[in-house]
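Take a look at the structure below.
Throughout, numbering of the chain's residues begins at 1 and tracks the sequence.
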Amino acid sequence: MELTTESRQHIEQVAGEALTQLDSIATAAKRNLHDGRTLGSDALASINTMTSSSAMQKLDQISQANRESYQVLAAEPAIARVVVVDEAGEERTYYICRTTPVSGFQNLASYRAPVGRLASLAIGAEFTLPNGTVVEVLERTQLRPAALADGWDSRDTVVEAEHFGPLTIESLRALLTEVAGEEATEDLLGQLLAEETVKANIIDGVRRSVITKMGLRDQPVLDQYQDEIFRLPLDKRLLILGPPGTGKTTTLIRRLGQKLDTAFLEEAEQRLVEMVATAQGVAHANSWLMFTPTELLKQYLKEAFAREGVPASDLRIRTWQDYRRELARNAFGILRTASGGGTFVLKDSLPSLSAEALDRPIQWFDDFNTWQRNAYVQELHEAVNMLREAKVPEVQSLGERLNSILAQAGDGALASTFGSLAAELPKVQALVASLKEASDGKIKAALNLQLNRNRAFLDELARFIDGLQQAQTTDADEQDELDADEEEDTTAPRTGRAAALNAYMQAVRAQARGAASKRAVSKSSRNGKIIEWLAERGLTETDRAEVGASLWLYERKIRLSVLCFGRRSIHHRCGCSMCSVSGQ
């Protein structure tokens, strides 16, 4: 394309300035890496030996983050150059980098920071800087740095200004070499060839990059719409639709990268992060999950996350097929596991939806959602009524308060009901803990009595358990599983005294529950055989009735807690569409 002399000189000036800045940033990052200029626990300990380990750990995390930023900047110093002008006519140039900037460069900003949005705005767009100054974008250059043996270059650089562009420059370094070569060219033929070389290096418009391998396209700078999406507050949700290659996944990865870096979160977002981390006991860096349709795309996603400096293990990027199986086994207890439990076996070859449901998915979902809401509310009422009918005054009082909350909730008011129920959660948990402590205390007291009479009691029980034949699951065994403790540890010891203690506690609890519910434990079940072996060496009849009643109340409070709070947290963790649409 034909460029005016003024435009060409300006592009040459931009090229020289950009390459100098790339070299300066990379040199500073490498110097900090080699000098070890990062904060750490050793430096902190030398300042104050009484500093807490948590503070040292925090500074070590900062030190590691700084090292990772320096490594990124050493390989990719900047991804954009933006010139803006304020209302007073003063121009300033910003360089935008992919990660946290290195100190010593006044106008170097991270793309994750608010100023980074300048790299995505169109020429002539206005932007309000964090200090309140309103500026207009005059010029924008998208850089793709490349470290060569003789210095830095930028390949396929896109330059756009008010009076020209966008232009794609194949090589900024070659452009400067051509300028120097022209001055030394004396013959006419040399000048003509030099002009042709310049024209070949500068291409009108934006040239798409050539695909060299399979993977997600690296897009350091998003367009202004994608940029606006990934900068939305942490608690905002969007449904983004579009054909392949429109940047949906890239936008999501960029959003995760920014929101996981607490340095670029607003104050309200930081408070939200701290509150959730404290309540759930999960570090903010591990509080996300991304689903991918195939294992192949999962590997491409890992590479894309690595470019953004976001650690993405197999626990964070999952295929829905694998994760739904894990939910069905470990969270909902629907599928059978090797250790027992669950009723169904997943067979992927069997259709899960009827042809009618596939033909009318909206109606199918509405029907299912209505049924689920009604069934859920009914379970809540049943659990609360059981508490109201209890003989313990504290339990009755709790049941009345919860019943009042449910009575005030209207149709479709589950969100407000959750808020009211959440206020009662500490009282429910305190009551559950006291009931658990009381019942366990009586069972252990009975066990201590047997140990005082016979110190080899647990060893004898362990030998008896080892001798039990593991028969195939029967209806009685399945019923025995229903009688098992809801909080039973699936990693309980399998041998020795610890296993005997665990088996003793389970069997005595099952016997006490049976006494309270007027339903005997099956003699063919594992618990039944242990109870038969124990004979009179368990709880007394009086204690059996008391512990059974306590366990009855305890398990219904556990059930109520799961109904009120457990389902909601599980659904939000699984990220299913049902939760997002219905708000449950």
Trace of the side-chain contact (heavy atoms from CB on, under 4.5 Å) decision for Q226 with I229: CA-CA 5 Å; Q226 295 171 320; I229 290 173; 5.6 Å; no
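- Side chain of Q270 to backbone of T262: a donor-acceptor contact under 3.5 angstrom is found.
- Contacts classified as ring-ring contact (aromatic ring centres under 6.0 Å, His included) and involving residues 256-278 (residues at least two apart or in different chains) are not found.
- Every residue meeting the salt bridge (Lys or Arg N to Asp or Glu O under 4.0 Å) condition with R325, not counting sequence neighbours, appears here in chain and number order: D322, D348.
- Legend: residues meeting salt bridge (Lys or Arg N to Asp or Glu O under 4.0 Å) with D223, ordered by chain and number and at least two apart, are absent.
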From CA spacing to verdict: side-chain contact (heavy atoms from CB on, under 4.5 Å), H163, E6: CA-CA 11 Å; H163 302 295; E6 183 180 357; over 6 Å; no
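- A distance of 5.5 Å separates CG of L175 from CD1 of I169, quoted to the nearest 0.5 Å.
- For residues 245-254, the salt bridge (Lys or Arg N to Asp or Glu O under 4.0 Å) pairs, not counting sequence neighbours, are R254-E308.
- Proximity of S120 to V221: side-chain heavy atoms (C-beta onward) are separated by under 4.5 Å at one or more points.
- Nearest heavy-atom pair, I96 versus A119, reported as atom, atom and distance to 0.1 Å: CG1-CB, 4.1 Å.
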Test log, rule side-chain contact (heavy atoms from CB on, under 4.5 Å), inputs M290 and F305: CA-CA 11 Å; M290 184 173 183; F305 274 109; 3.5 Å; yes
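- Atom OG1 of T133 sits about 6.0 Å away from atom CZ of R92, to the nearest 0.5 Å.
- The two residues A74 and A26 have their closest heavy-atom pair at O-CB, 4.0 Å.
- Counting heavy atoms from C-beta outward, W288 and V282 have side chains that stay 4.5 Å or more apart.
- With values rounded to the nearest 0.5 angstrom, T141 atom OG1 is found 6.5 Å from L143 atom CG.
- Counting heavy atoms from C-beta outward, L256 and V310 have side chains that stay 4.5 Å or more apart.
- Looking at every heavy atom in both residues, A122 comes nearest to V137 through O-CB, 3.8 Å.
- Under the side chain to side chain donor-acceptor pair (under 3.5 Å) criterion, R112 pairs with D261, not counting sequence neighbours.
- Atom CG of L327 is separated from atom CH2 of W320 by 5.5 Å, given to the nearest 0.5 angstrom.
- Taking the side chain to side chain donor-acceptor pair (under 3.5 Å) definition, one finds that S69 meets it with T99, sequence neighbours left out.
- Looking at heavy atoms from C-beta onward, C97 lies out of side-chain contact with I25 at the 4.5 angstrom threshold.
- Using cut-offs of 30° and 60° for the angle between ring planes, the F368 and W364 rings count as parallel.
- Screening residues 127-141 for salt bridge (Lys or Arg N to Asp or Glu O under 4.0 Å), with sequence neighbours left out, gives R81-E139, R140-E160.
- Residues L315 and L289 come closest through the heavy atom pair O-CD1, 3.2 Å.
- Counting heavy atoms from C-beta outward, Y95 and F105 have side chains that stay 4.5 Å or more apart.
- Around atom CD1 of I362, no more than 12 heavy atoms belonging to other residues, nucleotides or ligands sit under 6.0 Å away.
- Between the side chains of T251 and R255, no donor N or O sits under 3.5 Å from an acceptor N or O.
- For residues 223-252, every residue pair satisfying the ring-ring contact (aromatic ring centres under 6.0 Å, His included) rule, not counting sequence neighbours, is listed here: Y111-F230.
- Looking only at distances, a side-chain donor or acceptor of N107 sits under 3.5 Å from a matching main-chain atom of T93.
- Taken to the nearest 0.5 Å, the CG atom of N369 stands 13.0 Å off from the OH atom of Y376.
- Between V134 and T128, some side-chain heavy-atom pair lies under the 4.5 Å cut-off.
- Here R117 pairs with D227 under the side chain to side chain donor-acceptor pair (under 3.5 Å) rule; sequence neighbours left out.
- With a 4.5 Å cut-off on side-chain heavy atoms, R8 and E12 count as touching.
- By the 6.0 Å contact criterion, CD on E266 is open, its count of non-hydrogen atoms from other residues, nucleotides or ligands being 12 or less.
- A salt bridge (Lys or Arg N to Asp or Glu O under 4.0 Å) check over residues 267-290, counting only residues at least two apart or in different chains, returns the pairs K259-E269.
- For the residue pair E228 / Q224, no side-chain donor-acceptor distance below 3.5 Å is found, with atom types taken as modelled.
- For T157, the side chain to side chain donor-acceptor pair (under 3.5 Å) criterion is met by S154, not counting sequence neighbours.
- Counting only residues at least two apart or in different chains, ring-ring contact (aromatic ring centres under 6.0 Å, His included) contacts with residues 120-155 are absent.
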Check against side-chain contact (heavy atoms from CB on, under 4.5 Å), R231 and L222: CA-CA 11 Å; R231 296 181 191 276; L222 304 179; over 6 Å; no
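- Side-chain atoms of R173 do not come within 3.5 Å of backbone N or O of L19 as any donor-acceptor pair.
- Taken to the nearest 0.5 Å, the OH atom of Y94 stands 8.5 Å off from the CD atom of Q106.
- Proximity of D153 to L172: side-chain heavy atoms (C-beta onward) are separated by under 4.5 Å at one or more points.
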